[in-house]
Amino acid sequence: MGIKFCSLSSGSSGNCQYIETDRVRILVDSGFSGKRIESLLSSINVRPDEIDYILVTHEHIDHVKGVGVLSRKYDIPIYANEKTWISMACLIGNIDDKNIRIFKSEKAFELEGLGVYPFKISHDSAEPVGYCFHYGNIKISIMTDTGWVNDNMKEAIKGSSLYLIESNHDVQMLKEGSYPWPLKQRILSTKGHLSNMDAARTLAEVLRGNGEIVLLGHLSKENNVPEVAYDTVREYIEGYGFSVQKNITLDLTYRDKASKVYIL
Ligand SMILES: [Zn+2]
Ligand SMILES: [Zn+2]
């Protein structure tokens with residue numbers, strides 16, 4: 001009894017994460033065209049008609065672009081909280097009533113034995129959530145698109161076997177970069193995105209050093225470099241006694257291709 005996880009894509013151009021158990025296959029967000037998601041799935045040998053559910057974190061287009069198309073084409077139920085449903089309705093088009101599934105944030109539910117816990121995060125959207133998934137003694141946490149991490153979020157994700165955590169920007173690169181000031185302010189705000197250092201600090205608090213897998217996600221194309229994100233997090237957590245060689249696996253996710261498939 002285990003879980004397979006793959007980040008099909010992560011970044012401001014589109015987000016889609018894949019989770020599979022022996023009983024269920026789900027996507028967290030579908031922020032590309034239906035066609036693009038079909039091809040990302042086929043790159044890991046999964047057919048789109050095998051997807052049982054799509055869970056949505058928030059209504060930004062890089063997370064919902066393909067949600068409606070996939071639901072209509074393959075008759076897939078969509079899960080989101082009520083505020084997100086209201087905000088994404090005009091973006092995803094008509095959804096069959098039976099495929100509209102509404103959950104309450106911070107209230108656990110189950111999908112074919114897979115425990116799902118949507119927890120509130122801090123972002124400029126209606127009611128954004130991160131997700132924890134439980135199956136047997138495996139726990140996976142997905143937390144991107146949040147401007148800061150409070151104790152409640154740390155408590156939610158603690159003890160995971162795999163973390164997908166946002167490492168959006170290098171603060172220096174963002175400040176010196178070409179974005180207009182209001183956009184820089186938005187990204188840096190508590191309702192924006194996590195920096196490399198924010199990710200590093202959070203990880204130093206929640207990791208245990210028992211072989212966890214850490215994936216850095218939602219990297220900015222303009223304001224980050226994969227090596228900078230990786231090295232910032234590695235150096236910081238190693239300062240706290242963790243070893244990326246020995247007791248933590250640290251990996252990246254990509255904007256334009258799937259990550260490795262992790263089997264937990
Ligand atoms: Zn996003
Ligand atoms: Zn967003």
Side-chain angles (χ1 to χ4, degrees), residues 5-19 26-34 36-37 40 54-70 78-92 105 118-131 140-150 153 156-157 163-171 173-174 177 179-180 182-196 198-199 202 215-224 226 229 252-259:
F5 178 86
C6 176
S7 170
L8 292 174
S9 190
S10 182
S12 45
S13 47
N15 294 275
C16 189
Q17 321 304 333
Y18 174 76
I19 293 172
I26 67 165
L27 294 178
V28 175
D29 294 330
S30 293
F32 291 99
S33 69
R36 177 91 183 112
I37 287 171
L40 286 164
I54 300 173
L55 279 60
V56 177
T57 59
H58 66 298
E59 70 277 15
H60 287 162
I61 200 71
D62 58 319
H63 297 259
V64 302
K65 192 173 180 184
V67 167
V69 182
L70 291 172
I78 305 164
Y79 280 82
N81 59 44
E82 192 171 6
K83 285 186 179 164
T84 301
W85 267 111
I86 292 166
S87 309
M88 73 178 173
C90 56
L91 299 169
I92 66 171
S105 299
F119 57 96
K120 287 187 189 174
I121 56 174
S122 177
H123 193 52
D124 55 352
S125 60
E127 192 177 305
V129 295
Y131 286 103
I140 288 181
S141 293
I142 296 177
M143 184 173 70
T144 67
D145 298 73
T146 190
W148 75 302
V149 183
N150 63 23
M153 300 177 214
I157 65 174
Y163 296 86
L164 170 60
I165 186 167
E166 170 160 56
S167 195
N168 178 259
H169 57 275
D170 175 81
V171 172
M173 282 181 73
L174 175 67
Y179 278 13
L183 182 54
K184 288 182 185 180
Q185 269 178 316
R186 195 216 122 203
I187 294 169
L188 289 167
S189 79
T190 56
K191 296 200 163 212
H193 291 279
L194 290 186
S195 70
N196 297 337
D198 293 331
T202 304
L215 304 180
L216 303 180
H218 218 291
L219 268 69
S220 166
K221 193 178 176 188
E222 301 289 324
N223 306 308
N224 213 347
L252 293 163
T253 59
Y254 307 96
R255 273 189 300 276
D256 49 358
K257 63 172 184 182
S259 71

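Read the numbers this way: they start at 1 and go in the same order the structure lists the ligands and their atoms.
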Could you tell me which N, O or S atom of Asp62 is nearest to the Zn ion (ligand 1)?
-> OD2

Does atom CD of Gln185 have more than 12 heavy-atom neighbours, drawn from other residues, nucleotides or ligands, at distances under 6.0 Å?
-> yes

Restricting to N, O or S atoms of [X], which is nearest to the Zn ion (ligand 2)?
| X | result |
| --- | --- |
| Asp145 | OD2 |
| His123 | NE2 |
| His60 | ND1 |

Out of curiosity, His169 NE2 to Asn196 CG, how far, rounded to the nearest 0.5 Å?
-> 7.5 Å

Which of these passes side-chain contact (heavy atoms from CB on, under 4.5 Å) with His63: Leu91, Val28, Thr144?
-> Thr144

Test applied, side-chain contact (heavy atoms from CB on, under 4.5 Å); reference residue, Glu59; option that passes from Ile92, Thr84, Ile86 = Thr84

Between Leu40 and Ser9, is any pair of side-chain heavy atoms under 4.5 Å apart?
-> yes

Angle, NE2 of His218 through the Zn ion (ligand 1) to NE2 of His63 - 10° precision = 110°

